[in-house]
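Before any comments, here is the structure.
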Amino acid sequence: MIDIKNNLTIIEQQILQSCKQHHRPKGNVTLLAVSKTKPTDLIEQAYNAGQLNFGESYIQEAVEKIPALSHLSGIHWHFIGPIQSNKTQLITRYFSWAHSVDRIKIAKRLNEHRSTQDTPLNVCLQVNISGEASKSGISINELPALVDFVNQCDHLLLRGLMAIPEKKAPLSSYQTMQQLFKSLQQTQQLKYGAKAKIDTLSMGMSNDLDPAIAEGSTMVRIGTAIFGERTIK
Ligand SMILES: *Cc1c(COP(=O)(O)O)cnc(C)c1O
């Protein structure tokens with residue numbers, strides 16, 4: 001049987017180890033447990049071991065699991081999959097974060113649907129850092145216009161950037177993300193002062209946790225190393 005608690009402990013240790021090795025302050029990297037395709041009992045085991053942030057990629061699956069786990073107080077749901085326009089309403093209803101916003105049209109719809117709720121939706125903009133290898137994510141050239149648009153959205157709170165570097169991506173891809181993130185922090189700070197809240201670089205998965213942390217990731221999205229291999233999807 002899979003030992004979720006033990007897997008979480010091992011990952012937490014790897015995160016601390018990478019932080020130490022790359023001179024990152026302890027506690028600077030949040031673990032997002034990616035529970036897509038995994039049943040609610042495993043999610044509950046992770047929660048009981050102290051895990052509060054969970055990531056899902058498939059909206060149809062998520063809208064069944066999230067209400068079934070509504071008794072777990074303090075749990076936070078992050079949408080990390082590709083976002084289609086017809087799914088934006090469900091995302092705003094069930095999630096407190098969306099990491100994969102990569103088009104103005106999607107930001108606009110998320111903003112409209114979120115207006116019915118008290119709190120803004122936390123948003124990361126997904127950057128296509130590996131070019132041809134990935135279809136998702138906005139190009140670096142188009143990023144500033146998307147930032148400007150999201151800044152105008154009252155029901156979206158811009159928190160940072162997200163990337164999925166291709167397998168065996170060069171370290172330069174991670175470095176570019178770190179530069180983009182830092183420059184976003186600076187420009188938002190200049191514009192909004194203390195109100196700017198750019199604190200999230202969502203980067204790193206089970207297989208590239210270390211280079212991601214080396215290059216400034218503040219949130220790693222880990223599925224397989226916590227919940228085991230996914231057999232479906
Ligand atoms: C599935 C997924 C992950 C987790 O990947 P693992 O290799 O299982 O750790 C992270 N980020 C995104 C966007 C995903 O879709």
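Heads up: numbering here begins at 1 and tracks the sequence. Note that the structure is predicted; figures quoted are calculated from it, not measured. As the structure lists them, so they are numbered: ligands from 1, and atoms in each ligand from 1.
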(Q) Which residue is it: Gln126, His78, Arg221, Arg159? I am looking for the one with a side chain to side chain donor-acceptor pair (under 3.5 Å) to Ser202. (A)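 Single pass found, and it is Arg221.
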(Q) To check you understand the geometry: which heavy-atom pair defines the closest contact between Asp199 and Thr218, and what is its length? (A)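 So the minimum-distance heavy-atom pair works out to O-OG1, 3.2 Å.
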Q) When hydrophobic residues are tied together by side-chain contacts of less than 4.5 Å, even through go-betweens, does Ile106 share a cluster with Ile104? A)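 Linked within one cluster.
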Below 3.5 Å only, please: the N or O atoms of ligand 1 paired with protein N or O atoms, distance on each line.
| residue | atom | partner | partner atom | Å |
| --- | --- | --- | --- | --- |
| ligand 1 | 8 (O) | Thr224 | N | 2.8 |
| ligand 1 | 8 (O) | Thr224 | OG1 | 2.5 |
| ligand 1 | 8 (O) | Arg230 | NH1 | 2.8 |
| ligand 1 | 8 (O) | Arg230 | NH2 | 3.1 |
| ligand 1 | 9 (O) | Ser206 | N | 3.0 |
| ligand 1 | 9 (O) | Ser206 | OG | 2.5 |
| ligand 1 | 9 (O) | Gly223 | N | 2.8 |
| ligand 1 | 11 (N) | Arg221 | NE | 2.8 |
| ligand 1 | 15 (O) | Lys36 | NZ | 2.6 |

**Q.** Validation row: Ser217, Phe181 side chains within 4.5 angstrom (heavy atoms)
**A.**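 Ser217 does not reach Phe181 side chain to side chain.
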Q: Examine distances only and state if a side-chain atom of Gln117 and a backbone atom of Thr92 form a donor-acceptor pair shorter than 3.5 Å.
A: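 Yes: the side chain of Gln117 pairs with the backbone of Thr92.
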Q: Using the test side-chain hydrogen bond (donor to acceptor under 3.5 Å, both in side chains), find all partners of Lys5 that sit at least two apart in sequence or belong to another chain.
A: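 Scan of Lys5 (side-chain hydrogen bond (donor to acceptor under 3.5 Å, both in side chains), adjacent residues dropped) gives none.
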